[in-house]
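Every chain is numbered from 1 and lettered A, B, ... according to where its sequence line falls, protein lines coming before strand lines. Values reported hereafter were calculated over all heavy atoms of this structure, with side chains retained and with hydrogens, waters and symmetry mates removed.
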2 protein chains.
Amino acid sequence: MKTYTLDEVQDKIIGKKGTPNRDKFEYELQMDLIGKAIKESRQERKLTQEQLGELVGVQKAQISRLESNASNVTIDTLMKVFTALKAKVKLQVELPNAKFNVAR
Amino acid sequence: MKTYTLDEVQDKIIGKKGTPNRDKFEYELQMDLIGKAIKESRQERKLTQEQLGELVGVQKAQISRLESNASNVTIDTLMKVFTALKAKVKLQVELPNAKFNVAR
DNA sequence: AATAAAGTTTCATTATAATGAAACTTTATT
DNA sequence: AATAAAGTTTCATTATAATGAAACTTTATT
């Protein structure tokens with residue numbers, strides 16, 4: 001099976017690190033994943049959009065929109081959905097250490 | 001050189017588990033902790049609110065409000081801030097398996 | 001093929017997130 | 001103690017997230 005480094009794939013497809021396009025893509029990628037995460041979680045729970053909507057307290061249309069990243073969701077909305085799915089959600093923030101830049 | 005299959009790349013981008021850590025902060029994704037994450041990250045970078053504001057493109061007042069959870073931030077806002085801080089942010093969604101409940 | 005179920009899109013409305021400006025307060029520096 | 005720097009709060013405005021309803025499309029079932 002052919003394999004790629006993460007950087008190889010990303011560089012080739014979307015440009016080198018630090019370039020505007022790359023930053024934007026990674027940023028959008030995060031956003032895209034939100035809807036994907038909701039959809040996959042819902043399917044894992046074997047629920048229809050309508051059923052999830054009932055649990056959350058919204059119409060199925062709204063679930064559809066959330067899954068398709070139709071808008072820029074708030075944390076509140078995100079939590080309502082994942083709570084309904086009985087999912088544990090964590091935000092992991094990693095600050096790559098800048099020490100080595102200084103060490104030169 | 002470490003390589004990845006396409007699936008592994010996906011896992012890496014999405015963030016499954018067992019990811020490396022340096023300065024890693026894990027927060028339960030709750031509204032009140034978002035601000036804390038921003039503040040601690042900013043301080044880790046030794047920036048004032050005004051300096052971070054310049055990087056993000058907003059006034060220091062806005063940074064202050066974000067850090068104090070004055071509102072229900074959107075993913076977009078969150079990403080703008082963490083991108084300015086050169087932080088990597090991952091959303092971890094865990095779906096506790098219901099199998100064992102049934103087993104009983 | 002018909003029908004039902006599931007999912008999507010559009011339109012319109014309401015609530016509120018995002019934000020600057022400026023006054024204000026708290027904390028640090030001299 | 002004075003002064004400067006950093007951070008907070010309030011007021012007002014604009015953009016948009018959240019949402020239902022209903023028509024519509026796609027997918028599954030009979």
Apply salt bridge (Lys or Arg N to Asp or Glu O under 4.0 Å) to B:Lys60 and list each qualifying residue two or more places apart in sequence or on a separate chain.
-> none
Could you give the distance from CD1 (A:Ile34) to OG (A:Ser71), rounded to the nearest 0.5 Å?
-> 11.0 Å
From CD of B:Glu67 across to P of D:dT9 the rounded distance in Å is 12 Å
Stems of at least 3 consecutive Watson-Crick or G-U wobble pairs (donor-acceptor distances under 3.5 Å) involving DNA chain C, listed by first number, are C:1-30 with D:1-30
Below 3.5 Å between N/O atoms, which protein atoms pair up with nucleotides 28-30 of chain D? Just atom names and distances, please.
none

By side-chain contact (heavy atoms from CB on, under 4.5 Å), A:Ser64 pairs with (sequence neighbours left out) A:Gln49
Write down the distance between CG (B:Leu52) and P (D:dG7), rounded to a whole number of angstrom.
-> 10 Å
Hey, could you give me the CD1/CD distance between A:Ile63 and A:Glu54, rounded to the nearest 0.5 Å?
-> 10.5 Å
What integer distance in Å separates A:Asn69:CG from D:dA18:C1'?
-> 15 Å
Residues from residues 53-66 of chain B sitting under 4.0 Å of DNA chain C, heavy atoms only?
-> B:Gly57, B:Val58, B:Gln59, B:Ala61, B:Gln62, B:Arg65
Taking B:Arg45 for the side chain and B:Leu52 for the main chain, is one N or O donor matched with an acceptor at less than 3.5 Å?
-> no
May I ask you to decide if A:Asp76's main-chain N or O and B:Asn72's side chain share a donor-acceptor pair within less than 3.5 Å?
-> yes
Those residues at least two apart in sequence (or on a different chain) that pass side-chain contact (heavy atoms from CB on, under 4.5 Å) with B:Thr48 are B:Glu50, B:Gln51
Are A:Thr77 and D:dA18 close enough that a side-chain N or O sits under 4.0 Å from OP1 or OP2?
-> yes
What pairs with B:Lys39 under side chain to side chain donor-acceptor pair (under 3.5 Å), at least two apart in sequence or on another chain?
-> none
Interatomic distance, B:Lys46 NZ vs D:dG7 P [rounded to whole Å] = 13 Å
When the distance from CD of A:Gln49 to P of D:dT19 is rounded to whole Å, what number comes out?
-> 14 Å
With sequence neighbours left out, what residues match B:Arg65 under salt bridge (Lys or Arg N to Asp or Glu O under 4.0 Å)?
-> none
Using a cut-off of 6.0 Å, state whether more than 12 heavy atoms not belonging to A:Glu44 lie near its atom CD.
-> no
Can a side chain N or O of A:Thr74 be found less than 4.0 Å away from OP1 or OP2 on C:dA17?
-> no
Take the protein atom CD of A:Gln51 and the nucleotide atom C1' of C:dG7, then report the distance between them rounded to whole Å.
-> 13 Å
Please report, rounded to the nearest Å, how far the P atom of D:dA17 is from the CD1 atom of A:Ile75.
-> 13 Å
Can you tell if the side chain of B:Leu85 reaches within under 4.5 Å of the side chain of A:Val93, non-hydrogen atoms only?
-> no
Please give, in whole Å, the distance from D:dT26 C1' to A:Glu50 CD?
-> 16 Å
